[in-house]
**Student:** 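Take a look at this one; I'll ask things after.
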Amino acid sequence: MSDRSDLTLGGLTPDEAEREIYSHILSRNPEHDFEPTLDRVQEVTELLGRPQDSFKVVHLTGTNGKTSTARMTEALVREHGLRTGLFTSPHLSTVRERIQIDGEPISQDAFIRLWQDVAPLIHLVDARSQEAGGPRLSFFEVLVVLAYAAFADAPVDVAVIEVGMGGVWDATNVADGDVAVITTVAMDHQQWLGDDLAGIAQEKAGIIKDGATAVIAHQNERVTPVLVDAIAERGATGLWEGDDLEVIDRQPGVGGQLVTLRTPAATYAEIFVPLYGEYQASNALLALAAVEALMADGGEPTALAADVVEAGFGSVTSPGRLEVVRTSPMVLVDVAHNPAGIDALVGALEESFAFQALVGVVGVLGDKDAEGILAGLEPVLDHVVVTASTSPRAIPADELGAIAVDVFGEDRVTIAIDLPDAIDRAVQTAERDHDMGAGVLVVGSVTVVSEARILMDADKRKGAGRAR
């Protein structure tokens with residue numbers, strides 16, 4: 001793929017043009033290639049006229065729960081009649097999912113036009129950086145630039161922005177958040193962020209800007225003092241779960257849960273959230289407090305209208321988060337990919353699903369705690385099929401299988417070289433050994449879930465075709 005800005009898109013179909021653009025972006029340093037500088041993104045956005053200054057920003061970081069919280073925040077803001085932008089990562093089906101306007105992925109035509117408009121400036125900064133001995137903009141940096149340009153062009157009133165990794169040096173941090181949301185901070189991405197929890201918290205606290213409001217989830221005792229200091233240093237206002245914010249009650253139900261949430265402005269009783277698990281109730285609380293602070297615009301937060309809150313939460317989806325992608329047997333997918341995420345997932349499974357037996361399909365990337373992930377899953381899985389996604393970072397199935405045998409015992413482990421075979425084996429095991437009461441859970445990495453969703457969708461289309 002050429003580095004030139006004048007990629008030849010003429011004569012291509014929209015699908016081909018999108019693939020060509022994505023292939024070019026993929027040729028850059030990957031999004032997990034962490035480098036402590038904002039210079040390149042700053043330079044491109046300066047050339048674009050600082051699009052990130054044209055809308056209000058809710059900025060989210062943390063270890064788990066960022067995407068779900070971001071999606072709930074965006075839904076609540078949009079329900080107020082405001083135009084919204086949403087930037088999250090990673091994507092599950094198409095890169096356009098990362099850049100959403102008014103709750104929908106940017107259209108293919110708009111994505112192609114956006115690239116053609118912005119690419120010359122990206123390549124200009126690439127050339128300057130390389131002349132000085134530096135790299136081109138990375139995969140993630142390019143997507144941040146495209147998102148901010150798309151949101152300014154729409155134009156949106158509010159952008160809800162999820163960091164890629166960390167905070168201080170994350171490419172998204174060229175924007176100044178009016179509200180910062182920090183979900184629970186735990187260990188992840190240690191090779192880039194380090195293995196000191198206080199140090200990781202310091203990195204994530206970098207999204208708290210002068211005079212902003214910071215909405216903070218429950219935190220480890222090593223994390224809390226770091227965030228307290230950051231809030232004080234920046235003259236920000238802190239809203240803390242367990243003090244200013246509280247999940248008063250939650251009742252699991254069909255398709256989600258009823259929650260009662262307390263914020264500084266109000267108590268919202270029996271609001272239906274169509275997502276599973278205690279952690280999603282906490283995420284909803286953070287989203288609600290963030291939108292109260294945003295709508296107050298620097299003043300004292302006031303209660304949001306009950307019908308707006310009910311409609312906003314009621315419309316929320318969170319693909320890849322305990323998502324049902326097949327029935328008979330039920331197949332769930334979940335992107336949990338670290339021990340803390342697995343613990344939250346297991347709690348939600350035990351609370352909301354009554355499987356007679358559960359068969360896991362597990363694939364893990366090489367930079368993750370595979371043993372911790374498998375150990376967390378062991379109590380709820382009757383059998384595990386270990387596999388590998390097509391990602392070059394995936395742990396080979398035989399290596400993961402050896403770890404799984406240590407955790408589960410040889411009799412409860414099957415090794416499948418690729419994901420289609422793994423899913424087939426898991427479904428057959430569920431149907432053969434446990435009749436109608438069994439389910440399948442695909443988990444362990446975003447890539448394995450993404451590929452499973454695509455496979456399940458293809459199966460549905462084939463079934464629909466046969467039915468016609």
**Student:** Roughly how far apart are Gln108 CD and Glu18 CD, rounded to 0.5 Å?
**Tutor:** 4.5 Å
**Student:** Could you pull out the closest heavy-atom pair between Ile373 and Lys368, with the gap in Å?
**Tutor:** CD1-CB, 4.3 Å
**Student:** Applying salt bridge (charged side-chain N to carboxylate O under 4.0 Å, His left out), name anything that partners Glu16, two or more places apart in sequence or on another chain.
**Tutor:** none
**Student:** Do side-chain atoms of Gln257 reach the backbone of Gly277 as a donor and acceptor pair under 3.5 angstrom?
**Tutor:** yes
**Student:** Go through the steps to decide whether Asn283 and Thr69 satisfy the test side chain to side chain donor-acceptor pair (under 3.5 Å), and finish with yes or no.
**Tutor:** CA-CA 5 Å; Asn283 292 340; Thr69 306; 3.2 Å; yes
**Student:** So, applying side-chain hydrogen bond (donor to acceptor under 3.5 Å, both in side chains) with Arg250, which one of Gln280, Glu278, Glu351 is it?
**Tutor:** Glu351
**Student:** What is the minimum heavy-atom distance between Gly206 and Asn173, and which atoms define it?
**Tutor:** O-ND2, 3.3 Å
**Student:** Side chain to side chain donor-acceptor pair (under 3.5 Å) for Asn338 and Asp369? Distances and angles first, verdict last.
**Tutor:** CA-CA 6 Å; Asn338 54 47; Asp369 180 1; over 6 Å; no
**Student:** Using modelled atom types only, decide if a donor and an acceptor are shared between the side chain of Thr447 and the backbone of Ser391 within a distance under 3.5 Å.
**Tutor:** no
**Student:** Backbone N or O of Val364 within a donor-acceptor pair of the Ser445 side chain at under 3.5 Å?
**Tutor:** no
**Student:** Is there a side-chain contact between Pro135 and Arg40 (heavy atoms, below 4.5 Å)?
**Tutor:** yes
**Student:** To the nearest 0.5 Å, tell me how far Asp406 CG sits from Glu371 CD.
**Tutor:** 7.0 Å
**Student:** Spell out, as yes or no, whether a donor-acceptor pair under 3.5 Å connects the side chain of Lys209 to the backbone of Ala180.
**Tutor:** no
**Student:** For Gly401 versus Val386, what's the shortest heavy-atom pair and its separation?
**Tutor:** CA-CG2, 3.5 Å
**Student:** Above 12 or not: heavy atoms from other molecules or residues under 6.0 Å from CG of Asp411?
**Tutor:** no
**Student:** My understanding is that only residues two or more places apart in sequence, or in another chain, count here; which of them pass ring pair (Phe, Tyr, Trp, His ring centres under 6.0 Å) with Phe353?
**Tutor:** Tyr276, Phe355
**Student:** Rounded to the nearest 0.5 Å, what separates atom CD1 in Ile200 from atom CG in Asp196?
**Tutor:** 7.0 Å
**Student:** Quick one, Leu288 with Leu76, criterion side chain to side chain contact (heavy atoms under 4.5 Å, CB included). Give me CA distance, side-chain angles, the key distance, then yes/no.
**Tutor:** CA-CA 8 Å; Leu288 188 58; Leu76 288 172; 4.3 Å; yes
**Student:** Any non-hydrogen side-chain atom of Ile99 less than 4.5 Å from a side-chain atom of Pro105?
**Tutor:** no
**Student:** Test Thr172 against Asp170 for side chain to side chain donor-acceptor pair (under 3.5 Å), laying out the working first.
**Tutor:** CA-CA 5 Å; Thr172 62; Asp170 188 78; 2.5 Å; yes
**Student:** Does Gln219 use its side chain to pair, donor to acceptor, with the backbone of Thr224 at less than 3.5 Å?
**Tutor:** no
**Student:** So, the side chain of Glu141 versus the backbone of Ser138: is there a donor-acceptor pair under 3.5 Å, distance only?
**Tutor:** yes
**Student:** Donor-acceptor check, side chain of Glu203 to backbone of Trp169, threshold 3.5 angstrom: yes or no?
**Tutor:** yes
**Student:** Taking the basic N atoms (NZ, or NE/NH1/NH2) and the acidic carboxylate oxygens, is any pair closer than 4.0 Å for Arg453 and Asp457?
**Tutor:** no
**Student:** Does the side chain of Val41 come within less than 4.5 Å of Phe140's, by heavy atoms?
**Tutor:** no
**Student:** Could you check if a side-chain atom of Val174 sits within less than 4.5 angstrom of a side-chain atom of Tyr148, using non-hydrogen atoms only?
**Tutor:** yes
**Student:** Nearest 0.5 Å, what's the OG1-CD1 distance between Thr88 and Ile161?
**Tutor:** 9.5 Å
**Student:** Is it the case that the side chain of Glu378 and the backbone of Ala375 share a donor-acceptor pair, with hydrogens and angles ignored and the cut-off at 3.5 Å?
**Tutor:** no
**Student:** Taking the side chain as C-beta and beyond, is there a heavy-atom pair between Phe87 and Glu162 under 4.5 Å?
**Tutor:** no
**Student:** When rounded to the nearest 0.5 angstrom, what is the spacing between CG in Leu86 and CD in Glu104?
**Tutor:** 11.0 Å
**Student:** Search all heavy atoms of Leu143 against all heavy atoms of Ile25 and return the closest pair with its distance.
**Tutor:** CD2-CD1, 4.3 Å
**Student:** When you look at Phe139 and Tyr22, which way does the side chain to side chain contact (heavy atoms under 4.5 Å, CB included) test go after all the steps?
**Tutor:** CA-CA 9 Å; Phe139 173 92; Tyr22 185 51; 3.6 Å; yes
**Student:** Do any N or O atoms from the side chain of Thr317 and from the backbone of Pro319 form a donor-acceptor pair under 3.5 angstrom?
**Tutor:** no
**Student:** Are Leu146 and Ile106 close enough that some pair of their side-chain heavy atoms sits under 4.5 Å apart?
**Tutor:** no
**Student:** Measuring from Ile182:CD1 to Ile216:CD1, what's the distance to the nearest 0.5 Å?
**Tutor:** 4.0 Å
**Student:** Give me the atom names and distance for the closest heavy-atom approach of Pro329 to Glu431.
**Tutor:** CD-OE2, 3.3 Å
**Student:** So Val362 and Val385, do their side chains get closer than 4.5 Å, heavy atoms only?
**Tutor:** no
**Student:** Could you pull out the closest heavy-atom pair between Ala230 and Ile208, with the gap in Å?
**Tutor:** CB-CD1, 4.4 Å
**Student:** What I'd like to find out is whether the side chain of Val448 reaches to under 4.5 Å of the side chain of Leu419, using heavy atoms alone.
**Tutor:** yes
**Student:** Pair Lys204, Thr63 - check side chain to side chain contact (heavy atoms under 4.5 Å, CB included), show working.
**Tutor:** CA-CA 9 Å; Lys204 293 181 185 293; Thr63 301; 3.9 Å; yes
**Student:** Decide side chain to side chain contact (heavy atoms under 4.5 Å, CB included) for Val57 and Val158; before the verdict, give the C-alpha distance in whole Å, the side-chain angles of both, and the deciding distance to 0.1 Å.
**Tutor:** CA-CA 6 Å; Val57 173; Val158 177; over 6 Å; no
**Student:** Could you check whether any side-chain N or O of His383 sits under 3.5 Å from a backbone N or O of Arg412, counting only pairs where one atom can act as donor and the other as acceptor?
**Tutor:** yes
**Student:** Apply ring pair (Phe, Tyr, Trp, His ring centres under 6.0 Å) to Trp115 and His24, showing your working.
**Tutor:** CA-CA 11 Å; Trp115 172 258; His24 172 81; 5.3 Å; yes
